[in-house]
There are 2 protein chains.
Amino acid sequence: MKFSTKSTYGLRAMIRLAENWKKESLSLSVIAKSENISQKYLERIFARLKTAKLIESEKGAGGGYKLSRSPSKINILEIIDALEGKFAPFHCYTKSGKVVCSTSCNCGVTLVLNRIQTGIEDSLRNMSLNQLK
Amino acid sequence: MKFSTKSTYGLRAMIRLAENWKKESLSLSVIAKSENISQKYLERIFARLKTAKLIESEKGAGGGYKLSRSPSKINILEIIDALEGKFAPFHCYTKSGKVVCSTSCNCGVTLVLNRIQTGIEDSLRNMSLNQLK
DNA sequence: AATAAAACCAACTAAATTAGTAGGAGATAA
DNA sequence: TTATCTCCTACTAATTTAGTTGGTTTTATT
């Protein structure tokens with residue numbers, strides 16, 4: 001198991017925006033440059049964060065991004081979910097592609113998967129962006 | 001975040017071995033056939049489980065695999081770690097490849113990563129193989 | 001009005017990882 | 001000596017991740 005650069009970059013950028021909370025917007029170019037991240041790649045990461053309504057944007061010269069709410073109201077779990085995608089809905093498949101069981105079945109694999117998911121959720125749920133730097 | 005087939009197959013196979021605990025060894029061909037998994041792929045998955053000393057093998061005709069200890073003494077966390085690998089030791093890199101910070105630093109990204117890791121560990125630590133079916 | 005700086009958008013490429021194959025060698029019971 | 005098994009290495013195919021390329025649109029500033 002690993003942490004993708006997507007999450008790493010996204011989190012770092014969100015921490016930058018948190019530091020800038022209540023000030024003017026921060027542009028992608030500034031963040032990318034100072035964090036040493038490919039600007040174009042960061043663009044797509046920001047698209048995810050925006051879809052999840054965690055950030056807002058202003059177009060045009062002088063524009064940029066800012067958090068859509070106070071850092072204390074932004075949950076780390078939301079950020080990770082937005083960046084990495086939720087734990088995939090799980091299915092056991094036979095070789096023929098037929099679904100044998102789903103998330104709601106109570107086989108061992110599903111049970112373990114659900115535990116891991118709630119384990120992650122519980123650990124991040126009450127951690128908010130203002131706690132990071 | 002997703003659960004690879006490696007984990008799915010590996011867990012299913014371990015559950016099969018647990019059902020067979022105290023009986024004769026189960027061969028790869030039997031497990032692969034009944035679980036509808038590529039035998040050659042399962043072979044490599046079993047190699048990981050063996051390296052982790054979770055299973056033992058007997059070569060030759062009539063041979064096969066069995067758990068190395070009672071299912072109640074096998075932790076699900078051990079299985080997942082063996083199959084999926086531990087959470088990768090984490091580093092922040094600059095574009096030039098220079099390490100900026102490591103697992104022991106206390107930046108936000110590392111803090112989140114460590115939380116996720118302990119979240120998973122805590123959720124699986126006291127779940128053993130005999131609880132699954 | 002022209003320009004520059006910004007978000008936004010789509011399609012491509014490169015690298016890495018995952019999932020699986022192919023083709024054996026060596027061990028062992030029947 | 002043969003069939004059944006583990007074990008080993010090297011390959012391929014598919015998918016995902018990590019970017020790149022080349023724009024369009026929006027907006028403040030000159």
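Quick caveat: nothing in here was measured; it's all calculated off a predicted structure. Naming convention: chains lettered A, B, ... in sequence-line order (proteins, then strands); numbering from 1 in each chain.
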Say you draw a straight line from CD1 of A/Ile116 to CD1 of B/Ile120; how long is it, rounded to the nearest 0.5 Å?
6.0 Å
Atom [atom1] of [X] and atom [atom2] of [N]: how far apart are they, to the nearest Å?
| X | N | atom1 | atom2 | answer |
| --- | --- | --- | --- | --- |
| A/Tyr41 | D/dG19 | OH | C1' | 7 Å |
| A/Gln39 | D/dA18 | CD | P | 19 Å |
| A/Leu28 | D/dT26 | CG | P | 18 Å |
| B/Ile45 | C/dA19 | CD1 | P | 8 Å |
| B/Phe3 | C/dA19 | CZ | P | 11 Å |
| A/Leu42 | D/dT21 | CG | C1' | 17 Å |
| B/Glu24 | C/dT28 | CD | P | 19 Å |
| A/Lys66 | C/dA7 | NZ | P | 14 Å |

Answer with base, sugar-phosphate or nothing: what part of the nucleic acid does A/Phe46 contact at a heavy-atom distance below 4.0 Å?
nothing
Under 4.0 Å between any heavy atoms, over every strand shown, what does A/Ser29 touch: base, sugar-phosphate, or nothing? Just pick one.
sugar-phosphate
Closest to side chain of [X], choosing from [options]:
| X | options | result |
| --- | --- | --- |
| B/Lys40 | D/dT9, C/dC8, C/dG23 | C/dG23 |
| B/Tyr65 | C/dA19, D/dA18, D/dT6 | D/dT6 |
| B/Thr5 | C/dG20, D/dT25, D/dC7 | C/dG20 |
| A/Arg44 | D/dT9, D/dT6, D/dT20 | D/dT20 |
| A/Lys6 | C/dA6, D/dA18, C/dC8 | D/dA18 |
| A/Ala61 | D/dT6, D/dA28, D/dG19 | D/dA28 |

Hey, is the side chain of [X] poking within less than 4.0 Å of OP1 or OP2 on [N], counting only N and O atoms?
| X | N | answer |
| --- | --- | --- |
| A/Ser38 | D/dT20 | yes |
| A/Lys50 | C/dC8 | yes |
| A/Ser57 | C/dA6 | no |

Apply side-chain hydrogen bond (donor to acceptor under 3.5 Å, both in side chains) to A/Ser57 and A/Lys50, showing your working.
CA-CA 8 Å; A/Ser57 61; A/Lys50 205 188 167 189; 3.0 Å; yes
For the residue pair A/Arg69 and A/Lys53, what are the closest heavy atoms and their distance?
NH2-O, 4.2 Å
Checking B/Glu58 against B/Ser25: is there a side-chain donor and acceptor pair closer than 3.5 Å?
yes
Could you check whether the side chain of B/Glu58 and the base of D/dC5 have a donor-acceptor pair of N or O atoms closer than 3.5 Å, going by distance alone?
no
Which of B/Thr8, B/Ile79, B/Ile76 passes side-chain contact (heavy atoms from CB on, under 4.5 Å) with A/Val112? Answer is B/Ile76
